[in-house]
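No hydrogens, no waters, no symmetry mates; every other heavy atom, side chains included, goes into these values. Residue numbers start from 1 in every chain, and the chains themselves are labelled A, B, ... in the order their sequence lines are given, proteins ahead of strands.
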2 protein chains.
Amino acid sequence: MVLEGEIKARGRSITSLGAEESSVDVKTARSFWRAVERIQPGASISSGPAGRERTIVVVSGWVSETRILPDGRRQIFSFLLPGDVAAMTHASNIGNRGLVALTNVEIADAGALGGGEAGEGPGAWLTDASRRREERLFEQIVRIGRLSAKERVLNLLLELYDRLDAIGLVKESAFRIPLTQEVFADALGLSVVHINRTLQQLRREGMVTMGRGTVMLHDRQRLASFACYQAEIHHGGFDQSRRASAARSN
Amino acid sequence: MVLEGEIKARGRSITSLGAEESSVDVKTARSFWRAVERIQPGASISSGPAGRERTIVVVSGWVSETRILPDGRRQIFSFLLPGDVAAMTHASNIGNRGLVALTNVEIADAGALGGGEAGEGPGAWLTDASRRREERLFEQIVRIGRLSAKERVLNLLLELYDRLDAIGLVKESAFRIPLTQEVFADALGLSVVHINRTLQQLRREGMVTMGRGTVMLHDRQRLASFACYQAEIHHGGFDQSRRASAARSN
DNA sequence: CGAGACTTTGACCGTAGTCAATTTATGTGG
DNA sequence: CCACATAAATTGACTACGGTCAAAGTCTCG
């Protein structure tokens, strides 16, 4: 087995793998939203009172948007990182779609910020966030619909890189992901075993380095073209101040 | 998987399979929106002027929301039926996502109706429509992420049944779809050959009857449970008056 | 009839799934 | 600090679902 020792940064437990390490961004986030709720890893985020819609913002940690089929198969639709938004209907919580915390998570209620209408201010930001959210759903569809296992994994890693980078969670071109291979598998529509073998292959071929929840992508440009990844076009929002870090190349 | 050009060549036979036959609903639709544009089969719907966002409503016909990868692989994200809404950024048109007419199509601009804010009136209807649109993206992800070929096909057919029924396009529990097997394949993340074999199997097993663009599903209840299909929960909108037809069982 | 779009078939291949066992963390209580 | 329990990661053997290629058959329409 190949746990590349080249990586310096390290974390002890799952809770230290999430975003809560990044004091800077958590602070930034906290200055915008008061965290109204803390969620334990594995717990799901409840929708509001029956029938009422609830829009939440992730302040820190990772959340997965999940659906479990009657026969136990599971599909993860998307990952929510700090700054991401999700709307939940009560209905969407029942057998349909659930938000499950993958780490310790802090969320805030976005409802208070207004409905997300065009124009300036937090409302506009919300609109933008949900536009990008939808954009990611399309990427997800392409991934599982048309990409090979190798491409899927790379494509997802590239997306996570960009998103984490945008909120300042990429350090020395490495980032941490609190995802087990099983979570990966359920997000990419593959089996755990195959994910495992695919990751090994990617490591063997020197495309990525990963171990203990830390990932490093080598030659993102090449990987992007290999995995049909196209960086998001829309920018701005949650943490503009960190944008500078996007300049760092690999 | 196909290169764009192949789609266009012939549109005649296809046009007769579309929704434009249903005079009743087209009339209903026309009473709400003035059709501002007609699109030929195979043509794509252009986004507005650069940078400007455009929200359109399909008045009649079928539209596919598509993405073509650099190497020619194609993924269809969703089908838009009469009454469905789609928002396009200029950016989303470039190498990202395109709306392509599958039949003769009439569209209207929804922008004039207001931004889709909470409350009553056309705005609320728009919000609802786009919520359901998003819901369908999730269904699509489950389909291609976790269902087998047989399940995928059935699941999609069941969704189309419900959507067409809701707008009065199901007659005697049969409906018409202007989709070639290739379009089906690109929507479901399968190859044409496999779609073909899957359809044959479904016919052999007596689950569906289909030919010449007409489809009939036998025992939808059973099929739904087999294909992990759950009917949409949200209702209302485009054509309330036709809801009665939902009562018809198989 | 001929052309092109679509569907269907057969042979063969390969990616990814399944099952089952093993190894490696990670964590816990004594 | 060790024994044990549990979650994750890994491996091997085997299967199968779905892809690819290439050819033939159908349908529609001009």
Side-chain angles (χ1 to χ4, degrees), chain A residues 1-5 7 10-17 41-42 71-75 102-103 143-153 177-204 208 210-215, chain B residues 1-17 41-42 71-75 102-103 143-153 177-204 210-215:
Chain A
M1 185 236 48
V2 231
L3 267 193
E4 330 270 333
I7 297 178
R10 105 189 79 270
R12 305 301 301 253
S13 62
I14 240 193
T15 53
S16 71
L17 298 175
D71 59 1
R73 281 176 287 186
R74 184 172 69 159
Q75 176 66 49
L102 296 173
T103 66
R143 263 195 293 264
I144 62 186
R146 281 307 182 205
L147 302 190
S148 70
K150 226 166 106 180
E151 292 168 321
R152 286 183 214 190
V153 172
I177 40 180
L179 309 180
T180 64
Q181 295 185 353
E182 185 172 3
V183 169
F184 245 88
D186 287 337
L188 295 175
L190 298 167
S191 68
V192 198
V193 174
H194 198 64
I195 279 284
N196 183 290
R197 292 183 166 128
T198 304
L199 287 175
Q200 286 177 56
Q201 193 188 351
L202 291 177
R203 281 187 292 226
R204 233 180 298 125
V208 315
M210 61 191 302
R212 294 156 194 279
T214 297
V215 175
Chain B
M1 116 175 68
V2 186
L3 298 182
E4 209 158 17
E6 303 179 35
I7 304 170
K8 312 187 170 181
R10 163 166 154 288
R12 293 297 283 208
S13 61
I14 273 187
T15 55
S16 68
L17 300 175
D71 59 1
R73 282 177 286 187
R74 184 172 71 158
Q75 177 66 48
L102 297 173
T103 66
R143 264 195 293 264
I144 62 186
R146 282 306 183 205
L147 302 190
S148 70
K150 226 167 106 180
E151 293 169 322
R152 286 183 213 189
V153 171
I177 40 181
L179 309 180
T180 65
Q181 294 185 356
E182 186 171 5
V183 169
F184 245 89
D186 286 338
L188 296 175
L190 298 166
S191 68
V192 198
V193 174
H194 198 64
I195 279 283
N196 183 289
R197 292 183 166 129
T198 304
L199 287 175
Q200 286 178 57
Q201 194 188 350
L202 290 177
R203 281 187 291 229
R204 241 192 333 250
M210 60 191 301
R212 303 157 189 277
T214 297
V215 176

Nucleotides 13-17 of chain C: which of its N/O atoms have a protein N/O under 3.5 Å away?
{"from": "C:dA16", "atom 1": "OP1", "to": "A:Ala149", "atom 2": "N", "distance (Å)": "2.8"}
{"from": "C:dA16", "atom 1": "OP2", "to": "A:His194", "atom 2": "NE2", "distance (Å)": "3.2"}
{"from": "C:dA16", "atom 1": "O5'", "to": "A:His194", "atom 2": "NE2", "distance (Å)": "3.3"}
{"from": "C:dG17", "atom 1": "OP1", "to": "A:Ser191", "atom 2": "N", "distance (Å)": "3.3"}
{"from": "C:dG17", "atom 1": "OP2", "to": "A:Ser191", "atom 2": "N", "distance (Å)": "3.1"}
{"from": "C:dG17", "atom 1": "OP2", "to": "A:Ser191", "atom 2": "OG", "distance (Å)": "3.0"}

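Among the protein residues, B:Arg203 comes within range of the sugar-phosphate backbone only, with heavy atoms under 4.0 Å from sugar or phosphate atoms but none that close to a base.
Computed from coordinates, the B:Ile177 CD1 to C:dT7 P distance equals 10 Å when rounded to whole Å. One can place CZ of A:Arg204 at 12 Å from C1' of D:dT11, the figure rounded to the nearest angstrom. B:Phe184 has its CZ atom 17 Å from the C1' atom of D:dG18, to the nearest Å. Rounding to whole angstrom units, CD of residue B:Gln201 and C1' of C:dT8 are separated by 15 Å. When the P atom of D:dA16 is taken as reference, atom CD of B:Glu151 falls 17 Å away, rounded to whole Å. If you take CD of B:Gln181 and C1' of D:dT26, they are 12 Å apart, rounded to a whole angstrom. One atom, CG of A:Asp186, and another, C1' of D:dA8, lie 14 Å apart when rounded to the nearest Å. One can place CD of A:Glu182 at 16 Å from C1' of C:dA25, the figure rounded to the nearest angstrom.
In this structure, CZ in B:Arg197 is found 10.5 Å from CZ in B:Arg204, a value given to the nearest 0.5 Å. From B:Arg143, atom CZ reaches atom CD of A:Gln75 across 12.0 Å, with rounding to the nearest 0.5 Å. Separation of atoms CD (B:Gln181) and CG (B:Asp186) is listed at 12.0 Å; rounding is to 0.5 Å.
Just one residue in the list A:Val183, A:Thr214, A:Val215 forms a side-chain contact (heavy atoms from CB on, under 4.5 Å) with A:Ile177, and that residue is A:Val215. Each of A:Val153, A:Val193, A:Leu188 was checked for a side-chain contact (heavy atoms from CB on, under 4.5 Å) with A:Thr198, and the lone residue meeting it is A:Val153.
Among C:dT8, C:dC6, D:dT11, the nucleotide with an atom closest to any side-chain atom of B:Gln200 is C:dT8.
Looking only at distances, a side-chain donor or acceptor of B:Arg146 sits under 3.5 Å from a matching main-chain atom of A:Leu190.
Considering only heavy atoms from C-beta on, B:Leu147 comes within 4.5 Å of A:Arg73 through its side chain.
Here A:Asn196 reaches the OP1 or OP2 of D:dT10: one of its side-chain N or O atoms lies under 4.0 Å away.
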